[in-house]
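Read the structure below first, then the notes.
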Amino acid sequence: MAKATVSLPQGTRDFSAEVVRKRNYIFNTIRNVFELYGFAPLETPAMENLETLMGKYGEEGDKLIFKILNNGLDNPAKHEQIRTDFEKVLEGKNIKTITERALRYDLTIPFARYVAMNYGQLTLPFKRYQIQPVWRADRPQKGRYREFYQCDADVVGSTSLLNEVELANIYATVFEKLGVDVEIRINSRKILAALAEICGGSDKLTDITIAIDKLDKIGIEKVKEELAQRGLDETQVTTIEKYLAISGSNEEKLAAAKALIGETELGKAGLEEIEYVLNYITPDFRLSTFDSRLTIDFTLARGLNYYTGLIFEVKANGVQMGSIGGGGRYDDLTGLFGVPNVPGVGISFGVDRIYDVMEELKLFPETVHTGVKVLFFNLGDQESKTAFGLMQQLRANNIGCELFHEATKMDKQFKYADKKQIPFAIIIGSKELEEGTCVIKNLAASEQKTVLQSELIKEFS
RNA sequence: GAGGGUGUAGCUCAGUAGGUUAGAGCGACAGUUUGUGGCACUGUAGGUCGUGGGUUCGAGACCCAUCAUUCUCCCCA
């Protein structure tokens with residue numbers, strides 16, 4: 001056999017039947033919860049105008065956007081212009097004559113673009129969910145792909161913290177249903193801004209968040225070094241050290257943070273937001289284990305720079321994996337597209353990582369497999385014609401079945417049923433044909449019985 | 001963008017200081033068994049050892065390049 005020379009682009013995958021079924025199980029779970037909470041579906045194109053995406057994800061993000069080469073570059077009339085323009089591409093610029101479209105990088109920005117375009121028609125607050133693939137030109141590694149699905153739920157046109165409460169509950173409900181043990185971390189960008197304010201001014205916000213975001217990876221000493229490198233003096237570093245040292249229960253953390261930044265306006269507001277959400281998680285509202293899963297994490301920063309209020313991040317317990325969900329509040333996302341003052345808040349699920357976690361922890365239920373229920377054996381021309389008629393009757397009664405494609409040894413037909421995990425075999429040979437009966441065999445139990453063909457449907461209803 | 005690991009049969013991998021004809025398990029196919037599977041036994045097919053150079057009397061093994069893949073950092077879902 002010639003060795004296949006075809007391959008898949010880096011970081012992409014094919015999904016076999018079993019994997020698709022398991023993935024659909026996750027998709028359906030998430031979709032049902034979104035619907036349950038009053039969110040409506042939206043789909044946007046795989047590609048957007050490049051300028052819609054550029055500059056929205058920070059410098060790093062821009063580099064990871066997959067750009068689409070324009071068609072028609074081979075037109076001889078344009079060659080000279082194209083060559084000149086391509087020189088600029090080599091300098092790292094994006095030139096419309098070379099590339100003007102790109103694959104979507106996330107679902108939030110296309111959503112903001114949609115809201116800006118349709119603002120007049122939307123009933124506010126507008127709650128939408130979106131389940132579609134996104135593409136990033138990242139280097140693949142564990143839990144990281146170049147094509148992966150996001151499941152987003154966002155609310156725009158409302159500043160109410162009730163939205164945050166709802167979204168936190170969606171996280172809890174989905175992972176509860178999937179049986180994944182998670183920790184939902186919560187923080188507020190306002191608190192980080194307050195910290196920056198008392199540590200040298202708001203222009204230091206980015207420096208500070210970048211540094212403290214690394215805490216659990218590089219440790220406190222390295223963080224302090226990095227802060228000093230980024231131009232903070234000793235008092236300021238000490239303040240941040242105190243901030244990072246905050247620990248204990250949610251209540252203890254709140255109290256400690258109040259002492260440190262409660263005086264500032266931003267700090268006060270940020271802490272109130274967190275308290276508000278936590279207070280909603282009263283026994284009446286919370287799910288069985290919810291309160292132990294929603295924890296304050298003052299080191300949580302999140303990279304996407306459009307967040308302005310509460311931020312969320314979800315991590316799976318008991319497994320080495322990056323975050324499997326994240327989100328937060330943004331004050332003015334559509335302002336980028338010419339419609340200012342539309343506040344919003346949203347969350348995202350990373351299905352591919354959730355899949356990896358569930359696979360690693362063996363959390364998929366057996367029932368995810370849903371193939372055909374019956375295999376009709378093919379034991380000859382006349383026999384298979386009778387089988388075919390019965391098969392169509394079963395199908396008409398919504399019972400999935402197939403007829404083996406050729407008359408061959410039973411041994412082979414049994415093996416086919418095994419491989420496809422078909423639970424029942426129906427055998428019609430010359431004897432059954434004569435008697436108007438058929439043999440129903442339960443393959444797992446290795447039991448069989450003979451019934452009249454006219455009674456067959458009853459056996460499966 | 002930076003740095004590691006790995007490429008040998010359809011799959012998972014062995015292949016010991018370079019040495020004659022490259023192996024195992026699983027899978028596939030056939031048979032033992034022309035209408036009762038999963039087990040067992042027997043047999044068969046399937047490899048230019050990722051690709052291209054080099055060193056050597058001799059390379060799957062060593063060196064260089066290249067491609068693919070995987071992991072870590074950065075960043076993120």
Side-chain angles (χ1 to χ4, degrees), chain A residues 1-13 16 26 30 57-65 92 105-108 131-152 171 182 209-210 213-214 217-218 222 226 301-305 312-316 320-327 346-357 375 377-380 383 404 407-434 438-450:
Chain A
M1 191 193 291
K3 190 159 189 170
T5 53
V6 289
S7 66
L8 231 39
Q10 193 181 34
T12 66
R13 299 145 299 157
S16 66
I26 301 175
I30 294 172
Y57 308 106
E59 240 176 87
E60 290 290 326
D62 282 355
K63 285 187 205 157
L64 301 181
I65 293 172
Y105 178 89
D106 73 352
L107 301 179
T108 308
I131 299 178
Q132 289 190 279
V134 301
W135 294 269
R136 295 184 188 179
D138 218 337
R139 295 289 276 274
Q141 53 187 276
K142 188 181 181 187
R144 175 173 305 196
Y145 306 98
R146 288 186 150 184
E147 176 184 63
F148 62 97
Y149 269 76
Q150 290 193 329
C151 306
D152 278 28
Y171 266 143
V182 294
T209 52
I210 287 173
D213 202 31
K214 296 179 186 166
K217 274 190 182 152
I218 63 177
K222 293 264 181 189
E226 184 156 346
R302 298 207 40 81
L304 295 170
N305 47 18
F312 298 104
E313 190 159 290
V314 185
K315 290 213 64 170
Q320 189 77 32
M321 179 66 72
S323 68
I324 56 177
I347 56 169
S348 181
F349 290 84
V351 171
D352 302 79
R353 285 186 179 177
I354 294 172
Y355 178 93
D356 290 344
V357 167
L375 177 68
F377 275 30
N378 187 336
L379 300 173
E383 291 87 339
F404 198 76
T408 180
K409 302 201 305 187
M410 294 184 82
D411 160 279
K412 266 194 135 175
Q413 308 196 32
F414 273 120
K415 280 188 176 152
Y416 180 80
D418 274 348
K419 288 237 173 82
K420 292 192 75 172
Q421 297 183 46
I422 299 170
F424 293 97
I426 293 181
I427 302 166
I428 299 167
S430 48
K431 197 177 92 191
E432 288 80 11
L433 202 56
E434 228 169 86
C438 57
V439 173
I440 302 173
K441 179 153 182 163
N442 179 331
L443 293 170
S446 216
E447 290 165 1
Q448 66 180 55
K449 59 178 169 182
T450 306

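Only a predicted model underlies this, so the values are computations on that prediction, with no experimental measurement involved.
Taking 4.0 Å as the cut-off between side-chain N and carboxylate O, Arg302(A) and Glu313(A) count as a salt-bridged pair. No salt bridge links Asp356(A) with Lys142(A); every basic N to acidic carboxylate O contact stays at or beyond 4.0 Å.
The distance from atom CE of Met321(A) to atom CD1 of Ile354(A), rounded to the nearest 0.5 Å, is 10.5 Å. Rounding to the nearest 0.5 Å gives a distance of 7.5 Å between CZ of Phe148(A) and CZ of Arg353(A).
U48(B) sits 35 Å from C41(B) when the C1' atoms are compared, rounded to a whole Å. Comparing C62(B) with C26(B), their P atoms are spaced 30 Å from each other, to the whole Å. Rounded to the nearest Å, the gap between the C1' atom of G47(B) and that of A17(B) is 26 Å. With C1' as the reference atom, C64(B) and G15(B) are 24 Å apart, rounded to whole Å. Using C1' as the reference atom, G60(B) and U51(B) are 14 Å apart when rounded to the nearest Å. Straight-line distance between the P atoms of C13(B) and C71(B): roughly 14 Å, to the nearest whole Å. Of the C1' atoms belonging to G25(B) and U21(B), the separation is 22 Å, rounded to the nearest Å. Rounded to whole Å, the separation between the P atoms of U69(B) and C11(B) comes to 15 Å.
At whole-Å resolution of the value, CG in Leu375(A) and P in U36(B) are 17 Å apart. For the pair Lys412(A) NZ and A28(B) C1', the computed distance is 10 Å after rounding to whole Å. Regarding Glu313(A), its CD atom lies at a distance of 12 Å from the C1' atom of C75(B), rounded to whole Å. Rounded to an integer number of Å, the gap from Glu447(A) CD to G37(B) C1' is 15 Å. Rounded to a whole Å, the CG atom of Asp106(A) is 12 Å from the P atom of C76(B). In this structure, the CD atom of Gln448(A) is 10 Å from the P atom of G37(B), given to the nearest Å. Nucleotide U36(B) holds its P atom 14 Å from the NZ atom of Lys415(A), rounded to whole Å. Computed from coordinates, the Arg139(A) CZ to G1(B) P distance equals 7 Å when rounded to whole Å.
Mapping Gly11(A) and Asp138(A) onto RNA chain B by nearest heavy atom places Gly11(A) at the nucleotide closer to the 5' end. Place Gly325(A) and Gln320(A) on RNA chain B by their nearest nucleotides, and Gln320(A) ends up nearer the 5' end.
Looking at heavy atoms from C-beta onward, Gln10(A) lies in side-chain contact with Arg146(A) at the 4.5 angstrom threshold. Side-chain contact between Tyr57(A) and Asp106(A) is present, with heavy atoms from C-beta onward closer than 4.5 Å. For the pair Gln413(A)/Ile427(A), no side-chain contact is recorded, criterion being any heavy-atom separation below 4.5 Å from C-beta on.
Base pairing analysis places G60(B) opposite nothing; no Watson-Crick or G-U wobble pair with both distances below 3.5 Å involves it. Under the Watson-Crick and G-U wobble criteria, each requiring two contacts below 3.5 Å, nucleotide A68(B) is paired to U6(B). Here A24(B) sits opposite U12(B) as a Watson-Crick or G-U wobble pair (both hydrogen-bonding atom distances under 3.5 Å). Pair assignment for C73(B): G1(B), on the basis of Watson-Crick or G-U wobble contacts that are both within less than 3.5 Å. Nucleotide A17(B): unpaired (no Watson-Crick or G-U wobble partner with both distances less than 3.5 Å). Of the nucleotides present, C41(B) is the one that pairs with G31(B) by Watson-Crick or G-U wobble criteria, both distances under 3.5 Å.
Proximity of Gln141(A) to the phosphate of U72(B): a side-chain N or O atom is located under 4.0 Å from OP1 or OP2. Between Arg136(A) and C75(B), a side-chain N or O to OP1/OP2 separation shorter than 4.0 Å is absent. The side chain of Lys419(A) places no N or O atom within less than 4.0 Å of a non-bridging phosphate oxygen (OP1 or OP2) of G37(B). Using a 4.0 Å cut-off, no side-chain N or O of Lys441(A) falls inside it from OP1 or OP2 of G38(B). At least one side-chain nitrogen or oxygen of Gln10(A) sits closer than 4.0 Å to the OP1 or OP2 atom of U69(B).
Using a 4.0 Å heavy-atom distance criterion, Leu64(A) is classed as making no nucleic acid contact. Residue Tyr145(A) is classed as a base contact, given a heavy-atom separation below 4.0 Å to a base. Residue-level contact check: Ile324(A) touches the backbone only, with heavy atoms under 4.0 Å from sugar-phosphate atoms and none from bases. Among the protein residues, Leu443(A) comes within range of the nucleic acid bases, having at least one heavy atom under 4.0 Å from a base atom. At a threshold of 4.0 angstrom between heavy atoms, the contacts of Leu8(A) are confined to the sugar-phosphate backbone, with no base atom among them.
Between Tyr171(A) and Phe349(A), the distance from one ring center to the other falls under 6.0 angstrom.
Ring-to-base geometry places Phe148(A) in a stacked arrangement with A77(B) (centre distance under 5.5 Å, plane angle under 30°).
For Arg144(A) and C71(B), a side-chain-to-base donor-acceptor distance below 3.5 Å is absent, hydrogens and geometry of angles not being considered. The base of U36(B) is not paired with the side chain of Gln413(A) by any donor and acceptor separated by under 3.5 Å. You'll find a donor-acceptor pair under 3.5 Å spanning the side chain of Glu432(A) and the base of G35(B), going by distance alone.
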